[in-house]
Engineer: 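Mind looking over this structure? Questions follow.
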Amino acid sequence: MLEKINKTGDIKKLNIEQENKLAEDIRKYILEIVSENGGHLASNLGVVELTIALHKVFNLPKDKIVWDVGHQAYTHKILTGRKKELKTLRKSNGIAGFPKAKESETDAFDTGHSSTSISAALGMARARDIKKGDNNVIAVIGDGALTGGMALEALNDAGYSKTKLIVVLNDNEMSISPNIGGINMLLTKLRTKRTYTKSNISMKKFINKIPVVGKPSVKVIRRVKQSIKQLIIPKMFVEDIGFRYLGPVDGHNISELERILEISKKLDGPVFIHVLTKKGKGYKFAEENPDKFHATGPFYLKTGKSKKEKGKDYSKVFGDKLIKLAKENEKIVAITAAMKDGTGLDNFQKKFPDRFFDVGIAEQHALCLAAGMAKEKIIPVVPIYSSFYQRAYDQVIHDIALQNLPVVMCVDRAGIVGEDGETHQGQFDMAFFRLVPNLTIMAPKDFVELEEMLEFATKLNKPVVIRYPRGGEGLVKFEKNKKIELGKAEILQKGKALTIIAIGKTVGRAVEISNKLKEKEIFAEVINARFLKPLDKETIKKSILKTKNVITIEDGTIINGLGSAVKELIIDENLKNIKIKSCAYPDEFIKQGTVREIEEKYKLDVESILKEIDYINKNKASE
Ligand SMILES: Cc1ncc(C[n+]2csc(CCOP(=O)(O)OP(=O)(O)O)c2C)c(N)n1
């Protein structure tokens, strides 16, 4: 059937049997590609039928579908003329793993971060009404994404506004791990209900039969009926806030899905369709381990085994050290925003279930919750990916830093993450944290330094940020670590020709560069900054005055990071005749590719940096 699908709308020519066959073919095709390239497997396998039905019933690009998170859009890409290109999924210059308007006008809205779809779709629906248009707007959101604050804010607005909008809830009971929280409890009740029409009609009859004794006021009757409705049919939550509820419907039954989508098209106002799907559907290993196959690297189709063995990484080192620290100090707790496994907290949860809090995809709440705990002398440690910290910026400023509350904010996946592309790169955190008063900002050069920084942070009694990259260590092995002291850098090599200042992951690179320079009899002073804030101005100034040549290297944006801090120092202290070169990411969004490809493109690899500092040759000096 795949042969029949070459451009948007081709699906319209298929009958239901052909559509079912197409679903099978698409599953095979997705499996083939993801097992080679890696990607979000389980979520995509779960929405094949739902996507086919959506494309059959609606007309793209006139009708708009907004995919929440956007990690489940592979079938959508296949059905919109990108079947062949999908083979380049997540590769440099290839098809993105998320919707991208610049790839196709059928990608109505770019996503990557969770819980944005209802807001964006409501915006498009209101725009349609202003322009007197007649297109449909559909938000497809997972039960995990529905735990995010913005999704609930949007439901609140959409239900009240009565704007025509279709929200499709793709309920597979999973976020990355099993979904949690009160909304999930509500959905569990809904999942067991029969179809909308049946339960709704019988409910009306039932409510009308409630006997009323004496002469209670209309209000009281209404309240009694209301509370009974809520007890018995919890779907009323969605209806009470202004939506029509349709479902639950089997998300793998294409004809049922098409039937219910057709109904939704005819209804005015906001409609909420509850679709039940199975994450990983059709691939045994993914059905059994949907969390492992949520996002995967390349794997063997036959066994489900990863093609690359996973070594030790920063997240694991963080998680293990936190367990050790928590054993010594019972005030330490861990908070995650639905990223227990990714941030290395899985074992912490097992060891300290009462001191572990998964709050759902709710970064803002996670940090304000931490602030509340810190106020009461608990020590919350909150690992969140760099790009998702963007969500909770005001909580960092208003709830944590302003009150100087000792929350340990661990920034995982800091810097470039690679194949997930623009929405997931973590190059901004140093810049946006640096301008917040009261924050201490650190980045370790290796695993051992992460352990020491974490211990230091839990004892600091101030708000503190520790950033570290995705994956493992660089090639350089450091023999020893000087003790961590607040605001103190570490001099790793002494030299007079050049000062190389680096932070975090790039410190290893600075040492490699310096070793290469040594071969040319150029001796560099290598400084591991350790603290972006407070910056060790004294050590850096002394070195700069000696060498007069500075190069800064960082895994972050050129604006307001380490390079900026050193330039400010040079100007503020009026240091004369200094040459400075900053190696960092430019002021742009960084596209997908392997980390190595991206580093080479932006001249952050050893060879490129060496070329940048060729001019030092003229200025040779030995120690
Ligand atoms: C703001 C934000 N936080 C965290 C994530 C990481 N993340 C990606 S998908 C996902 C789970 C989504 O679950 P759900 O919406 O139910 O979709 P499913 O994968 O189950 O289809 C999470 C936590 C994210 N994309 N955005």
Side-chain angles (χ1 to χ4, degrees), residues 30 34 39-51 66-76 97-99 110-119 139-153 167-181 183-184 187-188 191 251-252 274-281 286-287 289-296 315 335-343 345 358-367 382-393 395 411-413 417 420-426 470:
I30 289 178
V34 178
H40 288 87
L41 183 70
S43 320
N44 277 290
L45 293 180
V47 295
V48 177
E49 288 84 5
L50 174 61
T51 312
V66 183
W67 299 95
D68 209 287
V69 184
H71 60 319
Q72 75 291 56
Y74 300 175
T75 302
H76 162 79
F98 298 89
D110 288 12
T111 46
H113 292 197
S114 164
S115 317
T116 64
S117 65
I118 308 177
S119 299
V140 183
I141 183 164
D143 55 307
L146 195 65
T147 62
M150 210 200 327
L152 300 171
E153 291 167 29
V167 174
V168 175
L169 173 66
N170 167 29
D171 181 5
N172 55 24
E173 302 177 42
M174 297 287 293
S175 191
I176 291 180
S177 317
N179 203 6
I180 46 85
I183 302 271
N184 184 54
L187 293 177
T188 305
R191 282 172 201 132
H252 302 296
H274 191 175
V275 177
L276 304 184
T277 61
K278 183 152 190 62
K279 202 159 176 170
K281 174 87 176 165
E287 283 191 18
N289 297 293
D291 35 6
K292 186 180 153 219
F293 282 97
H294 174 84
T296 171
S315 312
I335 301 174
T336 180
M339 301 297 283
K340 173 185 65 156
D341 296 332
T343 58
L345 284 178
D358 181 348
V359 298
I361 310 179
E363 289 81 6
Q364 302 175 327
H365 165 55
L367 285 167
V382 197
I384 294 178
Y385 290 6
S386 170
S387 70
F388 305 145
Y389 256 105
Q390 290 160 201
R391 268 291 155 86
Y393 195 38
Q395 283 67 23
V411 184
D412 198 326
R413 306 307 196 264
V417 298
D420 276 339
E422 289 137 302
T423 51
H424 285 60
Q425 312 288 19
R470 173 177 164 230

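Ligands are counted one by one from 1 in listed order, and the atoms in each one are counted from 1 as well.
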Engineer: Could you check if a side-chain atom of Thr343 sits within less than 4.5 angstrom of a side-chain atom of Ile384, using non-hydrogen atoms only?
Structural biologist: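 Side-chain contact under 4.5 Å: no.
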
Engineer: Using the side chain to side chain donor-acceptor pair (under 3.5 Å) definition, which of the options Asn179, Thr188, Asn170, Thr277 pairs with Asp143?
Structural biologist: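 For Asp143, the side chain to side chain donor-acceptor pair (under 3.5 Å) test succeeds with only one of Asn179, Thr188, Asn170, Thr277, which is Asn179.
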
Engineer: For a 4.5 angstrom cut-off between non-hydrogen side-chain atoms, does Met150 reach Arg391?
Structural biologist: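 Yes, their side chains come closer than 4.5 Å.
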
Engineer: Closer than 3.5 angstrom, by distance alone: can the side chain of Arg413 be matched with the main-chain N or O of Tyr385 as a donor-acceptor pair?
Structural biologist: no

Engineer: Quick one: ring pair (Phe, Tyr, Trp, His ring centres under 6.0 Å) partners of His294, sequence neighbours excluded?
Structural biologist: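 His294 satisfies ring pair (Phe, Tyr, Trp, His ring centres under 6.0 Å) with His40, His71 once adjacent residues are dropped.
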
Engineer: List the protein residues in contact with ligand 1, where contact means a heavy-atom separation under 4.0 angstrom.
Structural biologist: Ser43, Val69, His71, Gly112, His113, Ser114, Gly142, Asp143, Gly144, Ala145, Asn170, Asn172, Met174, Ser175, Ile176, Lys279, His294, Ala338, Met339, Ile361, Glu363, Phe388, Arg391

Engineer: Any non-hydrogen side-chain atom of Leu45 less than 4.5 Å from a side-chain atom of Phe293?
Structural biologist: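 They are not in contact (no side-chain heavy atoms under 4.5 Å apart), so the answer is no.
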
